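The structure appears right after this line, and notes come after that.
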Amino acid sequence: MKKNIFYLLITFVALIFSCSKDPVITISNNVIDTPAVLFNLNTPVGFPKINIPASNLLTVEGIALGRKLFYDPILSLDNTQSCGSCHNQKFAFTDSTLQFSKGITGEIGNRNAMPIMNLAWERAFFWDGGSATLEDQVIGPITNPIEMHETLPNVLRKLNADATYKKLFKRAFGSDSITTKHIMKAIAQFERTVISANSKYDKYVRGEVELTFDELKGMELIEDQTKGDCFHCHVLGSTFTDFDFKNNGLDSVFTDLGRYRVTLKETDKGKFKTPTLRNVELTAPYMHDGRFKTLEEVLEHYNTGFAENSPNLDVNIALGKKGRMSEIEKQQIISFLKTLTDYDFINNPNFKKP
Ligand code: HEC
Ligand code: HEC
């Protein structure tokens, strides 16, 4: 529809100019040569509708460019590290089994790398939600001294000196000069397409496969308020998160203040973004600081380990009776969590290094 109007306009402009003496038709040709083609991102069955910001509509060229940038170490100071170095598709885009990622200088951070998956639905980014949009989020890792440690002017200089990138940015955004905004937009476009929605659980929801007895039991226990009681935060169904920030009782004294760092509200101390449970079998270690190596440890935390005296502890954790889950029940919950592993996602050729 939009494209039709666009071509109509071009024809109209060409018509006007065809009456004048100047053969400006070449300008229109340039535009016709390089229209970015809008990309229609389908909402998977059972998911809320995806809202793509009007200021950064998805295009085939924008997504392809974002994917190339995501995997290109050119964004780091010494050209050795890309986003993909810490966000590895095999591990649902987390950093293998590392507790903390290493930046280009070998320095480590204090937070566990988060998966890149189903971010089109998220409302804030990083463990503390420190970035309000996916576009803004892109700058953090590039300039962070313990990550890619590069400056934006330097990145722009490198990209603008690269003939291939000049061409690709021009195709995606129609501009001759590469800007920071374009980099942010392209990577965010790619990230929005990185969707996991074809796990065994999804196939079960679509009526394509059956779950085993233990898997079904695990799903029930997650919703059982006297047992797992996980669903208040890791909402069952599609995204497996409430998109909120909660204190799930990891500490009674905080070393990382979490959401408080962003809002400076006393009531946000020790709260972190509720992560999705999708592909959780592949994203160990767990929690913002990667303190738990296995899902068994995670379950034991919710069963007996949570700090009852933690400030701002979520009420649903506080109400949980310690020792409420048996060994078998914990295993059944884990069996269910493993149905959320999406092998098509981790092998999807569209998300691989181009
Ligand atoms: C050195 C390793 C490293 C590199 C390189 C890296 N990241 Fe990350 N990424 C992390 C860590 C660690 C976190 C969690 C940080 C936090 O919460 O403070 C994270 C978080 C994120 C998140 C937030 C996800 C969510 O659910 O909120 C996104 C998106 C992301 N990274 C994208 C990128 C992009 C894009 C690049 C490249 C421009 C990149 N990362 C480079 C380690 C890395
Ligand atoms: C009060 C909300 C809440 C409840 C209830 C809750 N969680 Fe969580 N969960 C969180 C938050 C918040 C985090 C991240 C905490 C952090 O890293 O500081 C988390 C982290 C996790 C992680 C680690 C994910 C990762 O990527 O590191 C797993 C696995 C998990 N929860 C499973 C469960 C299970 C299973 C239950 C039920 C037995 C449960 N949760 C109940 C809020 C909750």
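Side-chain atoms are counted along with the backbone in the values below, which use heavy atoms only and exclude waters and symmetry mates. Please read all numbers here as calculations on a predicted model, not as lab measurements. Order of appearance sets the numbers: ligands from 1, and atoms from 1 within every ligand.
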Give the residue and atom name of whichever protein heavy atom lies nearest to atom 22 (C) of ligand 1, and the separation in Å to one decimal. Q137 NE2, 3.6 Å
If we number the atoms of ligand 1 from 1 as shown, the ones under 4.0 Å from a heavy atom of I142 are 38 (C)
Number the atoms of ligand 1 from 1 as they appear, then name those within less than 4.0 Å of a heavy atom of S82, with their elements. 5 (C)
Answer with yes or no after comparing the ring centroid distance for Y260 and F272 against a 6.0 Å cut-off, counting only values under it. no
Taking the six-membered ring for Trp and the full ring for Phe, Tyr or His, determine whether the centres of F173 and H182 are under 6.0 Å apart. yes
Charged N to carboxylate O under 4.0 angstrom, R111 versus D128? yes
D342/R278 ion pair, N-O < 4.0 Å: no
As an exercise, identify every atom of ligand 1 less than 4.0 angstrom from a heavy atom of M148. 5 (C), 37 (C)
Is any NZ, NE, NH1 or NH2 atom of the basic residue among K273 and E122 found under 4.0 Å from an Asp or Glu carboxylate oxygen of the other? yes
Parallel under 30°, tilted from 30 to 60°, perpendicular over 60°: which one fits the rings of F240 and F336? tilted
Go through ligand 1 atom by atom and flag the ones less than 4.0 Å from a non-hydrogen atom of I187. 35 (C)
Does the distance from a Lys or Arg side-chain N to an Asp or Glu carboxylate O, for E220 and K227, drop under 4.0 Å? no
Does at least one non-hydrogen atom of F245 fall below 4.0 angstrom from an atom of ligand 2? no
Considering the heavy atoms of K102, write down every atom of ligand 1 situated less than 4.0 Å from one of them. 1 (C)
Once you measure the plane-to-plane angle for F70 and F93, does it fall in the parallel (<30°), tilted (30-60°) or perpendicular (>60°) bin? perpendicular
One residue to check: D95. Relative to ligand 1, which of side chain, backbone, both or neither has a non-hydrogen atom less than 4.0 Å away? neither
So which protein heavy atom does atom 17 (O) of ligand 1 come closest to, and at what separation? W127 N, 2.8 Å
Within reach of ligand 1, part of Q81 (heavy-atom separation under 4.0 Å): side chain
Test item: L41 and T193 side chains (from C-beta on) under 4.5 Å apart, heavy atoms: yes
For F125, counting its heavy atoms only, list the atoms of ligand 1 lying under 4.0 Å from any of them. 27 (O)
Do P73 and E150 have side-chain heavy atoms sitting under 4.5 Å apart? no
Write out the residue and atom name of the closest protein heavy atom to atom 25 (C) of ligand 1, then the distance separating them to 0.1 Å. K273 NZ, 3.3 Å
Which heavy atom of the protein is the closest neighbour of atom 15 (C) of ligand 1, given with residue, atom name and distance? F126 CD2, 3.7 Å
Short N/O distance, under 3.5 Å, between M287 and ligand 2? yes
Would you check if F306 and K322 make a side-chain contact, meaning some heavy-atom pair closer than 4.5 Å? yes
So, taking the atom named SG in C83 and the one named CZ in R67, what distance separates them when rounded to the nearest 0.5 Å? 14.0 Å
Listing residue and atom name, which protein N/O/S atoms are closer to atom 8 (Fe) of ligand 1 than 2.8 Å? H87 NE2
Point-to-point distance, once rounded to the nearest 0.5 Å, from CG of N279 to CG of L277: 10.5 Å
Is there a donor-acceptor contact under 3.5 Å linking the side chains of Y343 and N198? no
Considering only NZ, NE, NH1 and NH2 on the basic side and carboxylate oxygens on the acidic side, decide whether D251 and R291 come within less than 4.0 Å. yes
Output yes when the distance from some N or O of ligand 1 to some N or O of R111 is under 3.5 Å, and no in every other case. yes
Decide whether an N or O pair under 3.5 Å exists between E191 and ligand 1. no
Where's the contact between D128 and ligand 1, heavy-atom distance under 4.0 Å: side chain, backbone, both or neither? neither
Within a distance under 2.8 Å of atom 8 (Fe) of ligand 2, the protein atoms of type N, O or S are H234 NE2, Y302 OH
Quick one: does F245's side chain get under 4.5 Å of D268's, heavy atoms only? no
